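Working notes, beginning with the structure itself.
In this text the structure is predicted, and so the values were computed from the model without any measurement.
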Amino acid sequence: MNHDDSTDRSRCLVTGATGYIGGRLVPELLAAGHRVRCLARSPGKLRDHPWSGEAEVVRGDVTDADSVARAMRDVDVAYYLVHSLNSGKGFEDTDRRAARVFGERAKAAGVRRIVYLGGLTPSGVPADRLSPHLRSRAEVGRILLRSGVPTAVLRAAVIIGSGSASFEMLRYLTERLPVMVTPSWVRTRIQPIAVRDVLRLLVGSAGLPEDVNRAFDIGGPDILTYRDMMVRYARVARLPRRLIVSVPVLTPGLSSHWVGLVTPVPASIARPLTESLRHEVVCREHDITRYLPDPPGHPLGFDQAVRLALRRVREARVTTRWSSAAVPGAPSDPLPTDPDWAGGTLYTDRREAVVDAPAHALWRVIEGVGGKNGWYSFPLAWSLRGWLDRLVGGVGLRRGRRDAERLRAGDSLDFWRVEEIERGHLLRLRAEMRLPGLAWLEMCAEPAGSGRSRYRQRALFHPRGLLGHAYWWSVSPFHAVVFGGMARNIARAAARQSPDVTR
């Protein structure tokens, strides 16, 4: 993206930097000359990003007033990019409380502007008829506008960009189903916007005049039904024409499970997305251009946005994905071997293998696990576990990888998340599948001398209640096949791929 050299240089606080938009906004702000501080619950998730050395990262949570106050010190512009996609009990209260804390602490710190990315709400629809997700995002915007700090609320509908949840849902529905029986919301009119335009407007909002305190509708030039979007996606992707038949009987709940089974987007995230499509979401104004004029060629049209997103996917240059943020309800407890662990039962499965390849060759295989490369043991068992997870609303195996070769802390990896990576030595994954407990998988590469290495593998499970214990003992008979086979096959793959091994 090109940036205007006249933009004021400010210290910007970015919340949600581990998420899809926040992870892309930080480098754009840095490129525009701003100084950036990120507030993150798990700062380690940001350490492997290309821009991590240029941005300050502080630990904290938007619901914790003290950590927010510390993060706000000397800040000019505060970006609020956090919200819950969870429709579980109490999430609206959490969003409400977090927004109030953020606004109050911004005012106390003398922040001159808040920028919030919210959702585009339908015209004339009472709040009690909106989806909980849209209703909460609208309320967060109102709270920030009343905070006493000049606030710009940018309200977007569907965001089209490589790795966005909306784009992935559209992409997989269209690519995998040549004939679709679809919910009635495919006839709803929508005004999508390219992620490049969202980022451009977020960066530009840092320099809005001090008297601007309002919401802005932002969208691309095309107003389409979801059906139109699928048809046009197919044309841009050069797919055969799709047959789409809509039926009125699919409720939002059924729709979300249908999306969860067909696409990598789990039902827990698909539900708020599909519920938001029940009502028309079209911009009622385009006033943002009074302050931030559209440059030539912008905003991007739908076809161009899809074309750019597909190019990023095919070139494996997806910098952030919808799965960059933690799945609602995912565990965040310490590893059971950490000093601050509370204790309790811990089941462990350990495997070792001596590898006829140097440690760096073994590491290449370890870092390449998952996604299209698979898990090196009993594919049917992994696939079945993934499908069972999808059926109960989990993420399943189909999140895949952000990058085919390299991982970084915080990356999603099928139904795992990279909790720790010591490049060349250790990969620790935390399970985000639905389990009656907490689970981790560690893989290590260690030199063993004479051009050989040692592979160490450890699976850990901390059960929750009687069901957790029953789960471990019910699956333990299969560990020799799944985990034992995994260790043997990773060792063989490393030896097979290593050019240093003489056969």
Side-chain angles (χ1 to χ4, degrees), residues 12-27 36-72 78-86 91 94-95 97-98 101-102 163 165 266 268-269 319-342 367 370 395 399 401-403 406-423 426-433 435 437-442 460 462:
C12 299
L13 174 67
V14 177
T15 61
T18 58
Y20 176 72
I21 292 293
R24 297 191 179 204
L25 177 62
V26 170
V36 178
R37 176 184 295 156
C38 302
L39 177 68
R41 285 180 295 179
S42 303
K45 289 183 178 181
L46 298 176
R47 71 170 188 230
D48 295 328
H49 287 252
W51 44 262
S52 60
E54 302 175 64
E56 178 187 1
V57 180
V58 297
R59 184 184 299 275
D61 189 286
V62 289
T63 60
D64 176 29
D66 290 340
S67 65
V68 173
R70 290 191 294 271
M72 290 283 187
Y79 285 89
Y80 193 77
L81 301 176
V82 294
H83 62 274
S84 176
L85 278 178
N86 190 359
F91 91 94
T94 301
D95 281 352
R97 184 172 73 255
V101 166
F102 196 81
S268 59
I269 291 177
T319 54
T320 63
R321 302 174 69 210
W322 61 270
S323 55
S324 300
V327 173
S332 58
D333 303 53
L335 184 73
T337 52
D338 290 345
D340 55 349
W341 186 53
E367 193 174 8
V395 296
R399 289 193 300 184
R401 299 172 53 108
R402 178 192 56 83
D403 185 288
R406 291 179 66 84
L407 294 172
R408 65 189 184 199
D411 271 0
S412 61
L413 179 60
D414 293 331
F415 46 42
W416 305 90
R417 186 169 298 277
V418 179
E419 182 174 83
E420 183 61 71
I421 182 168
E422 297 175 15
R423 205 161 302 282
L426 168 71
L427 176 63
R428 180 188 301 146
L429 307 175
R430 178 189 291 270
E432 289 190 338
M433 66 195 83
L435 287 170
L438 307 176
W440 294 261
L441 178 62
E442 284 186 344
L460 303 103
H462 176 41

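Judged by distance alone, the side chain of R401 and the main-chain N or O of D403 form a donor-acceptor pair under 3.5 Å. When atom types are taken as modelled, the side chain of T63 and the backbone of A98 share no donor-acceptor pair closer than 3.5 angstrom.
Residues passing the side-chain hydrogen bond (donor to acceptor under 3.5 Å, both in side chains) test with E56 are R37, sequence neighbours excluded. Contacts of Y80 classified as ring-ring contact (aromatic ring centres under 6.0 Å, His included), with partners at least two apart in sequence or in another chain: F102, Y116. For Y79, the ring-ring contact (aromatic ring centres under 6.0 Å, His included) criterion is met by no residue, not counting sequence neighbours. In this structure, the side-chain hydrogen bond (donor to acceptor under 3.5 Å, both in side chains) partners of R423, at least two apart in sequence or on a different chain, are E367. For the side-chain hydrogen bond (donor to acceptor under 3.5 Å, both in side chains) test, residues two or more places apart in sequence or in another chain that qualify with E420 are R47.
Rounding to the nearest 0.5 Å gives a distance of 11.5 Å between CZ of R24 and NE2 of H49. Atom CZ in R59 sits 13.5 Å away from atom SG in C38 (nearest 0.5 Å). Annotation: the span from L39 atom CG to L81 atom CG amounts to 11.5 Å, rounded to 0.5 Å. Atom CG of L429 is separated from atom CZ of F415 by 10.5 Å, given to the nearest 0.5 angstrom. Annotation: the span from L427 atom CG to E442 atom CD amounts to 9.0 Å, rounded to 0.5 Å. Note: L413 CG to L441 CG = 9.5 Å, rounded to the nearest 0.5 Å.
Every pair passing salt bridge (charged side-chain N to carboxylate O under 4.0 Å, His left out) that includes a residue from residues 60-72 is listed here, sequence neighbours excluded: R41-D61.
For the pair L46 and A17, the tightest heavy-atom approach, listed with the atom from each and the gap, is CD2-O, 3.6 Å. Between I421 and A409, the closest heavy-atom pair is CG2-N, 3.8 Å. The shortest non-hydrogen separation linking V26 to A55 is CG1-CB, 4.2 Å.
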